[in-house]
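The basis for the numbers below is simple: all heavy atoms, side chains too, and nothing from hydrogens, waters or symmetry mates.
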Amino acid sequence: MIRKGNLRDISSVLRIYEDAKSFIKSYNSPQWQSGYPNADTFYDDLENNRLYVYESNNEVVACASFHSYEKDYDNIYEGSWLTTTNNYMAVHTIATNNSYRGKGIAARFFKYIHKNFDVASIRIDTHKLNVPMIKMLEKNGFILCGIIYLSDGQERLAYEKVLKWNT
């Protein structure tokens, strides 16, 4: 079950972040290896009403944040977004507890967005060495659109999944 995150979720979400950081480090990607995401990320997402969690057997086992706008997506290089509207949902800090990885929870978050938000597409970015994330995105119908740069200058692969073409 997907629901809005709340303050009681902090220990579970921080544990999920740490699991994800260890997993990403295991295949030598530098993504998420300099402190982010952390408790500040949790509180910022909670305060801005964009933290979502996935519960299984009354335990929070995955999390994600949904942003209705991402300034880092304003400029895309070596390609273009599939849609030209700003009517998209950007997904950040999507992560799953180690024991639930590979069970389709990310796909459930994407379906949740499709059913609960009136957006034309979902956009997401990842590091070029985050091969498990790239495979998951491609499996879920995301298309590589180009490269974006984060506000700190880091390069990321930019993906988009169109939910409806007529907006």
Rounded distance [0.5 Å steps], [atom1] in [X] versus [atom2] in [Y]:
X      : Y      : atom1 : atom2 : result
Lys21  : Ser26  : NZ    : OG    : 15.0 Å
Arg108 : Ile113 : CZ    : CD1   : 15.0 Å
Leu82  : Cys145 : CG    : SG    : 3.5 Å
Ile148 : Asn75  : CD1   : CG    : 10.0 Å
Asn86  : Asp74  : CG    : CG    : 6.5 Å
Arg15  : Asn98  : CZ    : CG    : 11.5 Å

(request) Quick one: which residue pairs count as a salt bridge (Lys or Arg N to Asp or Glu O under 4.0 Å) with a foot in residues 119-138, not counting sequence neighbours? (result) Arg123-Glu160
Are any side-chain N or O atoms of [X] and backbone N or O atoms of [Y], one a donor and one an acceptor, separated by less than 3.5 Å?
X      : Y      : result
Ser65  : Arg50  : no
Asp44  : Asp40  : no
Glu47  : Asp45  : no
Lys164 : Asp118 : no

(message) I need the single residue from Ile124, Asn130, Leu129 that forms a side-chain contact (heavy atoms from CB on, under 4.5 Å) with Thr126. Which is it?
(response) Asn130
(message) Would you call the rings of Tyr69 and Tyr88 parallel, tilted or perpendicular, taking 30° and 60° as the class edges?
(response) tilted
Flag yes if [X] and [Y] sit in one hydrophobic cluster, no otherwise; membership is Ile, Leu, Val, Met, Phe, Trp, Tyr, and two members link when side-chain heavy atoms are under 4.5 Å apart.
X      : Y      : result
Phe42  : Phe66  : no
Met89  : Met133 : yes
Ile16  : Ile10  : yes
Phe110 : Tyr100 : yes
Ile76  : Val91  : no

(message) With no hydrogens and no angle check, just 3.5 Å: does a side-chain donor-acceptor pair link Thr41 and Asn38?
(response) yes
(request) Verify the distance criterion only: is there a donor paired with an acceptor across the side chains of Glu59 and Asn57 at less than 3.5 Å? (result) no
(request) Inspect the surroundings of NZ in Lys111 and state if more than 12 heavy atoms from other residues, nucleotides or ligands are less than 6.0 Å away. (result) no
(request) With Trp81 as reference, evaluate Tyr159, Phe142, Tyr73 under the ring-ring contact (aromatic ring centres under 6.0 Å, His included) test and give the passing residue. (result) Tyr73
On a heavy-atom basis, which atom in [X] and which in [Y] lie closest, and how many Å separate them?
X      : Y      : result
Gly5   : Leu46  : O-CD1, 3.3 Å
Lys4   : Asp9   : O-OD2, 4.4 Å
Ser121 : Val162 : CB-CA, 4.0 Å
Ala90  : Glu70  : CB-CB, 4.0 Å

(request) Output the rest of the hydrophobic cluster of Ile24: all Ile, Leu, Val, Met, Phe, Trp and Tyr residues reachable through side-chain heavy-atom contacts under 4.5 Å, sorted by chain and number. (result) Phe23, Tyr27, Trp32, Tyr36
(request) Step by step, work out the side chain to side chain contact (heavy atoms under 4.5 Å, CB included) result for Gln154 and Gln31. (result) CA-CA 10 Å; Gln154 294 183 60; Gln31 189 173 2; over 6 Å; no
(request) Give a yes or no on whether the ring-centroid distance for Phe109 and Tyr52 is below 6.0 angstrom. (result) no
(request) Check the pair Cys63 / Tyr17 against side chain to side chain contact (heavy atoms under 4.5 Å, CB included), numbers first and verdict last. (result) CA-CA 9 Å; Cys63 60; Tyr17 289 166; 3.7 Å; yes
(request) With sequence neighbours left out, write down each residue that passes ring-ring contact (aromatic ring centres under 6.0 Å, His included) with His127, or none if nothing qualifies. (result) none
(message) Measuring only between side-chain heavy atoms, which start at C-beta, is Arg3 closer than 4.5 Å to Val60?
(response) yes
